[in-house]
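Side chains are part of it too, since the values below use all heavy atoms of this structure and drop only hydrogens, waters and symmetry mates. We're numbering straight along the sequence, starting at 1.
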Amino acid sequence: MAAIRVLPDLLIDQIAAGEVVDRPAAALKELLENSLDAQPSQITVDLQNGGIALIRVTDDGHGIARDDLPFAFARHATSKIHSLDDLERVATLGFRGEALASIAAVAHVALASRTPQDKHAWSINASGGALTEVKPAALAAGTRIDVRDLYFNTPARRKFVRSEATEFAHSENAFRRVALARPDIGFTLTHNGRAQGLLKPQSLAARIGAVLGDEFAAAAIAVDESAGLRLTGLAGLPAYSRSARDAQFFFVNGRFVRDKLVSHAIRQAYRDVLHHERHPAFALFLEIDPARVDVNVHPAKIEVRFRDAHALHQFIFHALNKALSRTAAGASPAMADAAAFTDGTLPAAPFMPQPDTTVRRPYGHQAQMPLHAGAQPAFYETLFRPGVPVAPPDAVPQTADDTHEMPPLGFALAQLSGIYILAQNNRGLVVVDMHAAHERIVYERIKTALDQHTLATQSLLIPVSFAADRLDVAAAAENQPVLHEIGFDIAALSPTTLAVRAVPAVLADADAAQLARDVLRDVREYGAGRVLTERRNELLSTMACHAAVRANRKLGIAEMNALLREMEITERSGQCNHGRPTWFEVSVADLDKMFMRGR
């Protein structure tokens, strides 16, 4: 058996580099975090060949003193912490004292720095762990680090480096994360001499828009919730969902992290409005007492551990759920007016009208519509009351005195192809998917009624019987308490026949037999306990889909307006239960552009 020996320092550093610096982007991240800890106002990044040939990071921070330069490359040498208490409350991005030592073990590194007290800069070089003497250098202020020929002495690691385009994409992503974390700092990125990014110091909301793009900015809502800790940022509307997790940025005290607990809380908040195969987009920032989070979990510092994981999970879930619930149809996204964010803070959530069942008409008519989840008679008769006197749309006087009474979604003009409602508001044309919108309204009503234990049941005058397999019959017999809780009375007529005697009142016009089959299928597949817990929303969504108005059903003006008013007061009505938008708006200005008016 081979004898136990102490490894050489260089080999130890090369082993550490395998964890800390697995690709050029990881080295760039470590260098940028060191620069941020120096409190600069500007950071410049220059890359060559995706960062393989050169990574240069220059900042105008407080710099490193001449006598401290050799210690910058020593393992576990740092100015960030000095005791266990410091480690347990670490607030800086760097603290391990491993990054520069690991990078210097696998690359040629040149470090130049100047503090405000120095008359000129000083420099030191490292190559494969060997240091040169400290020499005078030319640098205005701050620190400049050049990392050349990454992995020059570790050919096995070099083989795993991908193409220049791939490595630059990863490096650019690392740059974007750091830029998002510190909007108060200016950033510049060049690659092979070409400018790739220029960000001036700006507000958080403006920085998010600059980094993630105008499309995200226009389709996001503000999050700002405090409870001993604070969650701020922008969360994309469900309609902006992605097929991959490439637009998800979560920061803890300015540090980009990936955490399963956080990811689960965010998924739970979106599950009510997003299809399970899609992923939300967000840039969220958690401010928390450093003592309540352990950042000393992984060498790359991208994972953390929270002291009170359950409480944090609930806080993030409720903060996001609250923000998403305010997305009533007609409310503008939080980023609609960039001029509102000049103070560096995020805006308040969009206004959501308070529930009001009065349909207001600026031309003198008001129709009272009792729109309650358990109301009688049946749902369609309750929501859509034909015969309510309504003036024709062209009778609306367009004057300054009454335009302020125009509701967000305006008033109905017509129905298109039996699918869409066309309406006019103060800004232009509104197009509504009537089935998707109605499905959300019904779903929210059922959910609210179930939560408040006020879900009314409608007995059927003539029970609806249908053929069922023995498993469905057994499921109906075994789960009577659950079925009664969600408003169903389903009984066996024979070993292969079931009868639906009652359904939730809001679903009285639905196909009772098919509705019962779908409910029993969920009960069989997931069990009664799960159906009313984690699968509850999926079950209620299925029920709502059965009750929603179908395509090609002709609606009168009064019925269409009733649906528009309900959308305006229903939480999350900007999207259906699967995350698709329920409406969109085309402004008059956009229409003028389409028809080239004014040219």
Side-chain angles (χ1 to χ4, degrees), residues 9-10 13 16-17 20-21 24 26-47 51 54-83 86-87 90-150 174-175 178 181-182 184-188 254-255 295 299-301:
D9 288 342
L10 176 59
D13 289 340
V20 179
V21 192
L28 175 61
K29 167 188 172 292
E30 297 291 345
L31 297 179
L32 285 171
E33 289 183 348
N34 282 343
S35 288
L36 291 182
D37 286 339
Q39 300 302 314
S41 61
Q42 180 69 39
I43 295 178
T44 300
V45 177
D46 300 291
L47 303 175
L54 171 68
I55 303 173
R56 174 180 293 152
V57 177
T58 308
D59 66 65
D60 59 358
H62 53 60
I64 304 172
R66 178 191 185 282
D67 294 340
D68 288 341
L69 284 176
F71 295 109
F73 293 99
R75 293 184 71 241
H76 306 308
T78 178
S79 63
K80 315 292 177 62
I81 61 173
H82 301 92
S83 66
D86 292 338
L87 179 61
V90 64
T92 54
L93 297 176
F95 58 88
R96 287 174 173 269
E98 288 183 327
L100 274 181
S102 298
I103 294 171
V106 294
H108 303 297
V109 181
L111 170 61
S113 191
R114 179 180 179 181
T115 67
Q117 295 77 29
D118 289 333
K119 294 181 179 180
H120 58 78
W122 297 91
S123 68
I124 186 172
N125 296 343
S127 179
L131 301 180
T132 65
E133 293 183 0
V134 177
K135 298 179 180 179
L139 186 66
T143 303
R144 181 184 66 233
I145 300 181
D146 288 12
V147 177
R148 297 182 182 274
D149 299 328
L150 197 61
F175 175 85
V178 171
R182 291 297 300 272
D184 58 315
I185 297 175
F187 289 87
T188 302
R255 184 192 308 278
V295 298
K301 304 188 294 292

* How about Leu28 and Val178: do any of their side-chain heavy atoms sit closer than 4.5 Å? -> no

* **Min side-chain heavy-atom separation Thr58-Thr143 under 4.5 Å** => no

* Give the intermediate values and the outcome of side chain to side chain contact (heavy atoms under 4.5 Å, CB included) for residues Phe187 and Val45. => CA-CA 8 Å; Phe187 289 87; Val45 177; 5.8 Å; no

Could you grab the distance from atom [atom1] of [X] to atom [atom2] of [Y], nearest 0.5 Å is fine?
X      : Y      : atom1 : atom2 : value
Arg148 : Asn125 : CZ    : CG    : 10.0 Å
Ile145 : Glu30  : CD1   : CD    : 11.0 Å
Arg56  : Asp146 : CZ    : CG    : 4.0 Å
Lys29  : Ile55  : NZ    : CD1   : 13.0 Å
Phe73  : Ser127 : CZ    : OG    : 10.5 Å

Locate the shortest heavy-atom distance separating [X] from [Y]; write the atom from each residue and the value.
X      : Y      : answer
Ser35  : Val57  : OG-CG1, 3.4 Å
Ser113 : Ile64  : OG-N, 2.6 Å
Ala174 : Leu32  : O-CD1, 4.4 Å
Asp37  : His62  : O-NE2, 3.7 Å
Pro70  : Ile124 : CA-CD1, 3.9 Å
Leu69  : Ser123 : CD1-N, 4.1 Å

* Determine, step by step, whether Thr44 and Asp59 satisfy the side chain to side chain contact (heavy atoms under 4.5 Å, CB included) criterion, reporting the C-alpha distance in whole Å, the side-chain angles of both residues, the deciding distance to 0.1 Å, and the verdict. => CA-CA 6 Å; Thr44 300; Asp59 66 65; over 6 Å; no

* Using the side chain to side chain contact (heavy atoms under 4.5 Å, CB included) rule, take Gln42 and Ile185 through it: C-alpha gap first, then chi angles, then the decisive distance, then the call. => CA-CA 6 Å; Gln42 180 69 39; Ile185 297 175; 5.6 Å; no

* Measure from the side-chain N and O atoms of Arg114 to the backbone N and O of Ala140, and report whether any donor-acceptor pair falls under 3.5 Å. => yes

* Structure fact -> So ring pair (Phe, Tyr, Trp, His ring centres under 6.0 Å) across residues 110-129, not counting sequence neighbours, yields His120-Trp122

* Steps toward side chain to side chain contact (heavy atoms under 4.5 Å, CB included) verdict (Leu54, Leu47) -> CA-CA 5 Å; Leu54 171 68; Leu47 303 175; over 6 Å; no

